[in-house]
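Everything below concerns the one structure shown next.
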Protein chains: 2
Amino acid sequence: MAKALTVEVAGAPALTGYERSCEGDPSGTDHGRAIRHVLDRIGDKWSLLVIGTLRGERLRFTELQRHIPGISQRMLTLTLRQLERDGLITRTVHAEVPPRVEYELTELGGTLIQLAMALADWAIENQPSIERSRAAYDDAHQR
Amino acid sequence: MAKALTVEVAGAPALTGYERSCEGDPSGTDHGRAIRHVLDRIGDKWSLLVIGTLRGERLRFTELQRHIPGISQRMLTLTLRQLERDGLITRTVHAEVPPRVEYELTELGGTLIQLAMALADWAIENQPSIERSRAAYDDAHQR
DNA sequence: CAGAATCCCAGTTGATACTG
DNA sequence: CAGTATCAACTGGGATTCTG
């Protein structure tokens with residue numbers, strides 16, 4: 001997840017194999033590379049779910065955990081940190097006892113929601129079709 | 001990748017922790033669940049890249065490998081099989097020597113391209129902003 | 001309450017060698 | 001050419017325990 005942090009050398013961000021091999025790419029807009037970047041950011045198990053949950057509401061740590069069944073304390077923390085670092089959410093600590101920390105989407109994070117919704121819609125709409133295709137494939141390739 | 005295959009029980013597809021905990025969900029359209037499904041399908045390292053490469057062209061195995069720098073023979077094979085199973089691409093074997101196998105997007109796969117392009121556009125447009133945010137974050141949190 | 005620190009396994013990916 | 005088979009390495013993520 002923190003790839004760029006672990007392999008960073010002299011301030012230069014780490015490069016994946018794909019990126020390295022594309023360094024001299026003539027195309028100004030390498031979509032492959034771009035896609036790799038989004039996926040690195042929101043292609044993990046929880047990021048998109050956290051963003052979706054923060055849609056329209058500002059929530060506390062525990063509230064988030066309740067809204068996202070199955071997420072562990074550890075992964076919620078890591079995911080939130082990552083999203084904060086990328087500027088997709090903000091983290092606000094209130095100087096109280098007991099502590100209260102609230103998370104909320106930034107404007108940038110908000111723009112991602114649109115994509116997330118599009119993805120979800122696609123999934124909902126095409127799930128049956130995919131399910132059928134799988135059944136057919138498995139049926140034809142069993143032994 | 002083949003999660004549903006490995007943990008299948010009596011014909012019922014496996015459930016992730018998230019899905020299990022949502023079984024009684026009242027909402028007809030659980031976006032969280034839907035997003036989980038798309039991510040399971042195209043959130044891996046190569047699927048979206050393969051789909052993007054197949055955009056508009058029908059390509060052979062080796063051609064695909066050349067178009068996608070960094071992908072190993074093994075991962076290309078696995079990814080193609082998965083996409084074929086899900087009905088996103090078709091695999092055509094020509095009875096020749098040497099063998100010729102061509103891959104091409106299905107209609108369903110074509111619809112995914114739209115989303116992929118949207119993702120790529122988002123990445124390209126917001127990459128600088130994210131980069132800046134990261135630099136600021138790392139700067140503020142270093143020690 | 002909101003985490004930080006550890007431990008650890010399962011699953012994914014990569015490298016390499018072999019084949020119809 | 002288009003794979004398959006095998007092995008090794010890496011890492012994402014869960015469970016658990018501790019703390020300001």
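Order of the sequence lines fixes the chain letters, A, B, ..., with proteins taken first and strands second; residue numbering starts at 1 for each chain. Side chains are part of it too, since the values below use all heavy atoms of this structure and drop only hydrogens, waters and symmetry mates.
- Listed by residue number, A:Arg60, A:Phe61, A:Thr62 are the residues of residues 52-63 of chain A with a heavy-atom contact under 4.0 Å to DNA chain C.
- Scanning for side-chain hydrogen bond (donor to acceptor under 3.5 Å, both in side chains) contacts around B:Glu57 gives an empty result, with sequence neighbours left out.
- Along DNA chain D, the nucleotide closest to B:Pro98 and the one closest to B:Thr77 are compared, and the more 5′ of them pairs with B:Pro98.
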Contact state string [nucleotides 15-20 of chain D, B base, S sugar-phosphate only, - no protein heavy atom under 4.0 Å]
B-B--B

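- Comparing the axis of the opening five pairs of the helix from C:dC1-D:dG20 to C:dG20-D:dC1 with that of the closing five pairs yields an angle of 50°, rounded to 10°.
- Judged as a side chain to side chain contact (heavy atoms under 4.5 Å, CB included), and not counting sequence neighbours, the contacts of B:Arg55 are B:Ile113, B:Met117.
- Every salt bridge (Lys or Arg N to Asp or Glu O under 4.0 Å) that A:Arg41 has, sequence neighbours left out, goes to A:Asp86.
- In this structure, the CG atom of A:Leu78 is 13 Å from the C1' atom of C:dA2, given to the nearest Å.
- By the side chain to side chain contact (heavy atoms under 4.5 Å, CB included) test, B:Thr106 pairs with B:Thr90, B:Leu108, sequence neighbours left out.
- Note that CG of B:Leu112 is 5.0 Å distant from CD1 of B:Ile51, once rounded to the nearest 0.5 Å.
- Sorted by first and then second residue, the salt bridge (Lys or Arg N to Asp or Glu O under 4.0 Å) pairs involving residues 93-120 of chain A (not counting sequence neighbours) are A:Arg58-A:Glu102, A:Arg58-A:Glu104, A:Glu96-A:Arg100, A:Arg100-A:Glu102.
- The separation between B:Tyr103 atom OH and D:dA2 atom P is 8 Å, rounded to whole Å.
- Closest non-hydrogen pair, B:Leu49 versus B:Lys45, comes out as CD2-O, 4.1 Å.
- Here D:dG3 presents its P atom at 9 Å from CD of B:Glu84, a figure rounded to the nearest Å.
- Under the side chain to side chain donor-acceptor pair (under 3.5 Å) criterion, the residue pairs touching residues 112-124 of chain A are A:Trp122-B:Thr111, with sequence neighbours excluded.
- C:dA4 atom P lies 15 Å from atom CD of A:Gln82, rounded to whole Å.
- Note: CZ (A:Arg91) to C1' (C:dA4) measures 12 Å, nearest angstrom.
- In this view, B:Gln73 satisfies the side-chain hydrogen bond (donor to acceptor under 3.5 Å, both in side chains) rule with no residue, not counting sequence neighbours.
- Rounded to an integer number of Å, the gap from CZ of A:Arg81 to C1' of C:dG3 is 7 Å.
- Distance A:Met75 CE to D:dT11 C1': 11 Å, rounded to the nearest Å.
- As rounded to whole Å, 14 Å separates atom C1' of C:dC1 from atom CG of A:Leu80.
- Pairs engaging residues 61-77 of chain A under the salt bridge (Lys or Arg N to Asp or Glu O under 4.0 Å) rule: none recorded [sequence neighbours left out].
- Legend: residues meeting side chain to side chain contact (heavy atoms under 4.5 Å, CB included) with B:Arg91, ordered by chain and number and at least two apart, are B:Arg81, B:Glu84, B:Val93, B:Val101, B:Tyr103.
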